[in-house]
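Only a predicted model underlies this, so the values are computations on that prediction, with no experimental measurement involved.
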Amino acid sequence: MGCGQTKPIKTETHRKSVTFKDPPVDFIEPDPKTIFLSTSLPTQTLENSLYPPKPPKTRRHEIIPNDDMFYLVDEHALKAPKSMETSIESLCRYLTKSAKNDMEKCRLFYRWITNNISQVFLFFKEIFHLYDTAALFQGKKKPVDAESVLKLKTSVCVGYTNLFTALCRCADITVHKISGYAKGYDYNPEIRFEYGHATSHTWNAVHVDGEWRLVECTWGAGNCDELKKFHFDYHDHFFFMDPDSFVLTHFPYDPDFNMALAWQLLEEPWSLDKFNSYIKPSMKAIEWGIDFVSHSSSVVFSNGVSVFELKSSTTNLPVLNGELYPEKGENSKTYTYAYKNGPSDYKLVVRPPTVGKYTLRILANDKEDDEAFTLVSYVIKCVSTDGLVRCFPYHWGLWGPSVKLDKFGLTYDESSCPLFMTENGEVEIKLPLKNELDCSCRLSHAENLLRESDDYVMTEINGGHLCTRARLPKEGYYKLQLMVRFDDDSYKPVLAYILGSKQTLPVIHKLPKCYRAAREFRCRLIEPLTYELHRNTKIRMRLKCPKNLSLVLKKQTLKLDKVDDVWDFLTTTPNAGEKFCISGKLQNGDSRSTYKGLYEFSII
């Protein structure tokens, strides 16, 4: 495990395991039952004797409503001339000349360091000694004191911390350097941090305006990718991060356990056991304020299905997905689906296909984009499944609506689940509709087991509802998409459902073809609901429509009466191969209007 965070990329590889050196022989392992439970005061040192560590009384957003408030300060830091980098003192003088208070001074130091110091990947050589890559493989140990880091412009985490510490002290700001454990690069939730193991990371705390604040320059500067290459990727939120967010990834450790406890800056400090078991949210998850409601442990045991609940009160997530990877081999199929379960609530359903261990990555984006960022990773240990597990259809983003449906006159319940299961192969979905709508539906099987799948779905408008009927001949899951015509005359999906059939039916018939005019006239076909009709056979036809229509069947105008908006009549099908279509037009006195096709059948 290294100092840095992992770069949140879509093609992120599996993290490697972490190994630690054994503790020194003279180290006495503390009693885990009593560790970090003492209520005695923390030890006073020269650094904190005036201001012992205490939780801040205010939240970050109360003192920093928006990071844009530092725009001019950041610009000053980013434009620092090279001539000012000759010493800590000269750099400090230049940076602080634009500062109005100690918080702005700290921000200037943070912004300059995160923009100018690159991270080298670190390894462990000996207990309590950190080495960079060159030190490990070439025997070239780089110094990590503040002046050397300023000169070399590269370091491991302790160098970042030393430089920030030196700049603060030069500006007479009370600062403290904290060592501990961090869930950084190559973090593996199944490898526990243990008391006495080498600390893996360092960061800072500063005393500003009467309160201690946490500062993490290393992670604020950027990320390491899977090839251990550093990428500058600046983040605001590691400057003065709230302690309850900081403790998700950083755990102070010191032989003085009371002091380590105090530097969490929490009213109720965490135990190391809680830190080990708790999930590691990504930087994006912290930035977006994602609350992982249902599963806080990084290792999840599953009896066939697990439902992960997330909450995002500040950020809308149009893209949310889960990727499930088996411990061995590859999995190219989809065994998860996600949907919105309320204004700020989300659910991700996970069904591992077999018993075994998996890695689950939850991905999201706050924009409708083809890219997604990792929010969190879990280890899924599936102990049982319920028979054969079929894969879900592939769908990028959330199931349910992909746009605001109210602008189309549609009403959708945000708390509803987009999955519909059927025992008999028949599914009908009704949505309240206020306006005229030009739309159609597409149906596809997740495993491509059904040809001409669009022949098994029809969409009508009747009784103030958009009604979609689907027939599912094959076992498994289907993707049903509602396509709506936009202003540019293109049809785009606005709503996606998962339809599931528990069995393959011996006989199931295609649905009649339903044309646009049927929806325009708000028709609903009652019978026959079969596309293929036998030749020269007497059939009963029933059609419901609130409008005053003139109907044509087999090129002959039908003189029919309707009762309760329903036409009900008998007719005889033509010879095999002939076209059999019922058409209609409005009886509004306009002689120029023409008949439009409503429904079409095939004669066999």
Chi angles and distances behind the side-chain contact (heavy atoms from CB on, under 4.5 Å) call for L360, S306
CA-CA 11 Å; L360 170 68; S306 298; over 6 Å; no
[atom1]/[X]: more than 12 non-hydrogen atoms of other groups inside 6.0 Å:
X	atom1	value
D564	CG	no
K544	NZ	no
D413	CG	yes
R542	CZ	yes
D386	CG	no
H61	NE2	yes
R442	CZ	no

Within the 4.5 Å heavy-atom criterion, are [X] and [Y] side-chain neighbours or not?
X	Y	answer
C514	L525	no
C523	W567	no
N462	P546	yes
H295	I279	no
Y531	D455	no

Determine whether Y478 and V457 satisfy the following criterion, side-chain contact (heavy atoms from CB on, under 4.5 Å), listing intermediate values before the conclusion.
CA-CA 11 Å; Y478 297 74; V457 62; over 6 Å; no
So, for [X] and [Y], which heavy atoms are closest and what is the spacing to 0.1 Å?
X	Y	result
W288	N365	CH2-CA, 3.7 Å
C441	L480	CB-CD1, 4.0 Å
L348	A338	CD1-CB, 3.7 Å
Y456	P473	CE2-CG, 3.5 Å
K280	G184	NZ-O, 3.4 Å
G584	L551	CA-CD2, 4.2 Å

When you measure from the side chain of [X] to the backbone of [Y], do you find a donor-acceptor pair of N or O atoms at a distance under 3.5 Å?
X	Y	answer
T573	H534	yes
D242	R59	no
S453	L443	yes
N321	L363	no
Y346	L317	yes
D345	K311	no
S440	T459	no
T537	R535	yes
E368	V319	no
W396	D369	yes

Measure from the ring center of F486 to the ring center of F408 and say whether it is less than 6.0 Å.
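Under 6.0 Å, so yes.
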Going by the angle between their ring planes, with limits at 30° and 60°, are [X] and [Y] parallel, tilted or perpendicular?
X	Y	value
F392	Y477	tilted
F308	Y378	tilted
W219	F238	perpendicular
F601	F580	tilted

Hey, mind stepping through S294 and V307 against side-chain contact (heavy atoms from CB on, under 4.5 Å) and telling me if it holds?
CA-CA 8 Å; S294 61; V307 181; over 6 Å; no
Could you check L320 against K347 for side-chain contact (heavy atoms from CB on, under 4.5 Å), going step by step and ending with a plain yes or no?
CA-CA 9 Å; L320 182 67; K347 284 189 177 181; over 6 Å; no
Please test E428 against R524 for salt bridge (charged side-chain N to carboxylate O under 4.0 Å, His left out), starting from the C-alpha separation and ending with a verdict.
CA-CA 13 Å; E428 183 170 1; R524 182 169 175 81; 2.5 Å; yes
Distance from [X] atom [atom1] to [Y] atom [atom2], nearest 0.5 Å?
X	Y	atom1	atom2	value
Y515	E520	OH	CD	15.0 Å
R471	L511	CZ	CG	4.0 Å
I429	F420	CD1	CZ	4.5 Å
K340	C417	NZ	SG	15.5 Å
T422	L505	OG1	CG	8.0 Å
Y278	L248	OH	CG	6.0 Å

Please identify which of these residues, V350, V379, L324, V300, meets the side-chain contact (heavy atoms from CB on, under 4.5 Å) condition with Y358.
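Testing each of V350, V379, L324, V300 against Y358, the sole residue satisfying side-chain contact (heavy atoms from CB on, under 4.5 Å) is L324.
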From the options E532, M458, E600, select the one residue that forms a side-chain contact (heavy atoms from CB on, under 4.5 Å) with P512.
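Result: among E532, M458, E600, M458 is the only option passing the side-chain contact (heavy atoms from CB on, under 4.5 Å) with P512.
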If you measure only the distance, is there a donor-acceptor pair under 3.5 Å linking the side chains of [X] and [Y]?
X	Y	value
Q481	Y491	no
S416	Y339	no
H445	K474	no

Step by step, work out the salt bridge (charged side-chain N to carboxylate O under 4.0 Å, His left out) result for D454 and K513.
CA-CA 10 Å; D454 285 344; K513 291 186 183 298; over 6 Å; no
Under a 4.0 Å threshold between the charged nitrogen and the carboxylate oxygen, would R519 count as salt-bridged to D438?
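Between R519 and D438 there is no salt bridge, as every charged N stays at least 4.0 Å from the carboxylate O atoms.
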Assess whether salt bridge (charged side-chain N to carboxylate O under 4.0 Å, His left out) is satisfied between E460 and R469, documenting all intermediate values.
CA-CA 9 Å; E460 301 167 300; R469 289 185 275 203; 2.6 Å; yes
